[in-house]
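Right, one structure below, let's go through it.
On a predicted model such as this, the values are computed, not experimentally measured, just so you know. Order of listing sets the numbers, starting from 1, for every ligand and every atom in it.
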Amino acid sequence: MNTNPGNRETGQTPLSPQSPQPPMISVRGLHKWFGELHVLRGIDLDVDRSEVVTVIGSSGSGKSTLLRCVNYLERPQKGRVAIGGKPVEDTEWAINAMRTKVGMVFQHFNLFPHMTVLGNVIEGPTQVLGKSKDEAVETARAYLDKVGLSDKVDVWPSQLSGGQKQRVAIARALAMEPEAILFDEPTSALDPELVGEVLAVMKELAAEGMTMVVVTHEMGFAREVADTVYFMDEGVILEQGTPEQVFGQPREDRTRAFLAQVL
Ligand code: ADP
Ligand code: MG
């Protein structure tokens with residue numbers, strides 16, 4: 001649940017109980033098997049508009065698979081995902097339509113190596129959204145400026161640091177003007193001195209009201225920025241709450257053991 005009273009940017013009051021908005025992302029009873037391996041074992045998760053959710057948990061607990069099932073990079077075998085109250089149908093058309101609303105940022109950036117920075121950022125808007133090149137370039141420049149890379153527009157990804165690559169990946173996601181962005185350990189592949197620049201961009205997005213689901217080992221970020229923290233363990237959400245609850249007074253032994261290792 002979002003404990004934030006309304007949109008951070010506009011200061012709007014929450015909608016009245018008579019007109020409840022559906023969650024931006026809603027996951028119910030999600031199961032995923034890889035062969036015999038039962039990786040997600042009944043996940044329920046709601047993310048409200050402008051809510052920042054972080055998902056923490058040990059390696060192998062299913063965090064990436066959960067994100068990948070939310071935007072159907074993996075097909076869940078059971079359960080459902082709804083975006084903005086609309087169930088995602090399992091057709092190519094519906095999945096592609098949904099992906100324009102839900103962006104994703106990966107641990108290893110996944111930039112197109114044969115395209116310049118600008119090329120990376122205009123690809124989706126021109127190819128998927130059907131924007132004109134001029135319009136896409138204008139928007140791309142604005143987002144590259146926002147992530148502090150206006151001087152890197154014409155360089156190749158191979159010429160960038162990891163932190164810069166990840167900021168391009170964020171600009172690329174933003175250029176699709178998504179309603180939510182999923183981040184899968186966006187700083188885990190970075191040298192420690194480059195983590196801060198990426199987290200700073202993410203904090204700014206959060207403050208502007210972007211709906212975000214962030215799988216992360218950055219407990220400082222989770223504590224400071226998240227509205228809700230989910231602790232995943234062996235394919236289930238074992239515990240969820242505000243950062244104060246989960247970090248300050250974890251209910252489950254497994255959560256305590258995990259936090260003792262990472263904090
Ligand atoms: P986390 O992101 O929490 O580290 P993952 O979601 O990546 O966990 O993985 C959960 C489990 O699923 C692991 O045991 C992993 O080996 C397995 N797994 C993930 N992706 C695949 C795949 N494509 N094929 C087979 N097994 C997979
Ligand atoms: Mg992972």
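At under 3.5 Å, a nitrogen or oxygen of G62, whether backbone or side chain, sits near a nitrogen or oxygen of ligand 1. Close N/O approach between V39 and ligand 1 is not found [any backbone or side-chain N/O within under 3.5 Å].
The cationic group of R172 lies under 6.0 Å from the six-membered ring centre of F112 and within 45° of the ring axis, placing it in a cation-pi geometry.
Between the side chains of D154 and T116, no donor N or O sits under 3.5 Å from an acceptor N or O. Side-chain atoms of T255 and E252 form no donor-acceptor pair, as typed in the model, at a separation below 3.5 Å. There is a side-chain donor-acceptor pair under 3.5 Å between D46 and S26. When only modelled atom types and interatomic distance are considered, T211 and E179 share no side-chain donor-acceptor pair under 3.5 Å.
Put simply, atom 15 (C) of ligand 1 has no protein non-hydrogen atoms near it, under 4.0 Å away.
Close approach of ligand 1 to S58 (heavy-atom distance below 4.0 Å) involves ligand atoms 3 (O). For ligand 1, the atoms closer than 4.0 angstrom to any heavy atom of S59 are 4 (O).
For the Mg ion (ligand 2), the tally of protein N/O/S atoms lying closer than 2.8 Å stands at 1.
Contact annotation: G57 has no heavy atom less than 4.0 Å from any atom of ligand 1.
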